[in-house]
Amino acid sequence: MPELPDVEGFRRTLAAHAVGKRITGVTTLDAGVLRGVSARRLRETLRHQRFGEPRRRGKWLIVPVHGRPATMVLHFGMTGSLEWSELDERNRHDRVIFAFDDGELRYRDMRKLHGLCLLADDAELHRLLADTGPDALDVPKEQFRVLLRRRRGIKQLLTDQAVLAGLGNLLADEILWRARLAPQVRAADLDGTAADRLHREMREVLRAAVKAGRVPPRTTWLTGRRDEPSGACPRCGTVLEHGRVGGRGTVWCPRCQAG
């Protein structure tokens, strides 16, 4: 599932290959990923225009369109991606193709749970993101402490996009493991020291994952051991626990994260 580092990677792909170039064509191969816009309107709005500098808000990618009062917004759901290709053979899950003189930008998604929309103005963008919390990489420590006052389990809070945008299962489990916090602990029960430690570990994990372009499955990370049969904690060697917390599959170390 794409999380914040993946979406940041997609942002960088678009910025590196498509910003400022003339869009020569837009082909919708599967309209099932379009949200509130027809294939014809998408094509007529974007053709011969240029993308501006994209930005990210959690798992959302926001792309202004130069020359039009329009903004393209993409969400990658569980299986989406944005790929640049110099006219290589297309993937069967490519859904929308943005053509340029030197290649194609391809919105690819197997399950089509979310998709792409085209917004007319900032008011529409504000409404779309009204229920999205602050970006997990950018949220300051003081604001993060305020978010933790909610009387909910910490794993549930970290993965709630309305509270904090960008974290999914892999990142939340990794961050809690590094902060030595059990995923079942109530956020409101954390003292200032634990809250600041959690914020610090979140920032460090996100920065490393953004640099890697994904949540890296390193053996020194929980993410590198979580799928192993009888996987052991990279820190203390204890066999990892697997269960469900707040309805989500969760992995933790019963020794390092005892409380």
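- Judged by a 6.0 Å distance limit and a 45° cone about the ring axis, Arg235 is positioned over the six-membered ring of Trp177.
- Counting heavy atoms from C-beta outward, Thr24 and Arg47 have side chains that stay 4.5 Å or more apart.
- We find that Asp101 and Lys21 are not joined by a salt bridge, their nearest charged nitrogen and carboxylate oxygen being 4.0 Å or further apart.
- A 4.5 Å side-chain heavy-atom check between Leu164 and Leu147 finds at least one atom pair inside the cut-off.
- At least one side-chain heavy atom of Arg57 sits under 4.5 Å from a side-chain heavy atom of Thr132.
- You'll find the side chain of Leu171 stays beyond 4.5 Å of the side chain of Leu158, heavy atoms only.
- Closest heavy-atom contact between Ala232 and Leu240: C-CG, 3.9 Å.
- Classification of Asp189 and Arg151 as a salt-bridged pair fails, no side-chain N sitting under 4.0 Å from a carboxylate O.
- For Arg35 (side chain) and Gly32 (main-chain N/O), a donor-acceptor pair under 3.5 Å exists by modelled atom type.
- No side-chain heavy atom of Val215 sits under 4.5 Å from any side-chain heavy atom of Val205.
- Distance alone, capped at 3.5 Å, places no donor-acceptor pair between the Gln156 side chain and the Arg152 backbone.
- Here CG of Leu105 is found 9.0 Å from CD of Glu83. Values are rounded to the nearest 0.5 Å.
- Counting only heavy atoms from C-beta outward, the side chains of Asp102 and Leu87 never approach each other to under 4.5 Å.
- Cluster membership check: Phe10 shares its hydrophobic cluster with Ile23, using side-chain heavy-atom separations under 4.5 Å among Ile, Leu, Val, Met, Phe, Trp and Tyr.
- When the side chains of ILVMFWY residues are joined at heavy-atom separations under 4.5 Å, either directly or via intervening members, Leu119 and Phe76 end up in two distinct hydrophobic clusters.
- In terms of modelled atom types and a separation under 3.5 Å, the side chain of Arg255 and the main chain of Thr238 share no donor-acceptor contact.
- Taking CE from Met202 and CG from Leu176, the interatomic distance works out to 11.0 Å, rounded to the nearest 0.5 Å.
- Of the possible polar contacts, none joining the Arg43 side chain to the Gly25 backbone as a donor-acceptor pair under 3.5 Å is found.
- Scanning both residues, Gly36 and Arg41, for their nearest heavy atoms gives O-NH1, 3.8 Å.
- Note on Leu137: it does not cluster hydrophobically with Leu129, by side-chain heavy-atom contacts below 4.5 Å among ILVMFWY residues.
- Both Leu170 and Leu198 sit in one connected hydrophobic cluster of ILVMFWY residues. Membership requires side-chain heavy atoms under 4.5 Å apart, directly or through other members.
- For the pair Asp6 and Lys59, the salt-bridge criterion is not met [side-chain N within less than 4.0 Å of a carboxylate O].
- With hydrogens and angles ignored, the 3.5 Å screen pairs a side-chain donor or acceptor of Glu3 with a backbone N or O of Gly168.
- Judged by distance alone, with hydrogens and angles left aside, the side-chain atoms of Glu174 form a donor-acceptor pair with the main-chain N or O of Thr223 at under 3.5 Å.
- Nearest heavy atoms, Gly52 versus Leu14: O-CD2, 4.5 Å.
- Using a 30° and 60° split on the angle between ring planes, Phe98 and Phe51 fall in the perpendicular class, above 60°.
- The CG atom of Asp94 lies 4.0 Å from the CZ atom of Arg108; values are rounded to the nearest 0.5 Å.
- Ring geometry, His199 versus Phe144: the interplanar angle falls from 30° to 60°, so the pair is classed tilted.
- Shortest non-hydrogen contact noted between His242 and Val251 is CD2-CG2, 3.4 Å.
- Side-chain contact, Arg248 with Thr159: a donor N or O sits under 3.5 Å from an acceptor N or O.
- Judged by distance alone, with hydrogens and angles left aside, the side-chain atoms of Thr28 form no donor-acceptor pair with the main-chain N or O of Ala31 at under 3.5 Å.
- Taking the ring axis of Trp221 as reference, the NZ or CZ atom of Arg178 stays within 45° of it and closer than 6.0 Å to the ring centre.
- Classification of the Trp60-His75 ring pair by plane angle, with boundaries at 30° and 60°, yields perpendicular.
- Connection of Ile62 to Leu116 is not established within any shared hydrophobic cluster, with ILVMFWY side chains joined at heavy-atom distances below 4.5 Å, either directly or through further cluster members.
- With respect to the salt-bridge test (charged N to carboxylate O, under 4.0 angstrom), the residues Glu8 and Arg12 qualify.
- Side-chain contact between Leu190 and Arg145 is absent, with no heavy atoms from C-beta onward closer than 4.5 Å.
- For the atom pair NZ (Lys112) and CZ (Arg95), the distance works out to 5.0 Å, reported to the nearest 0.5 Å.
- Distance check: Cys236 SG to Gln257 CD gives 9.5 Å after rounding to the nearest 0.5 Å.
- Taken to the nearest 0.5 Å, the CH2 atom of Trp84 stands 6.0 Å off from the CZ atom of Phe100.
- Thr13 is listed as a side-chain neighbour of His17, based on a closest heavy-atom distance under 4.5 Å.
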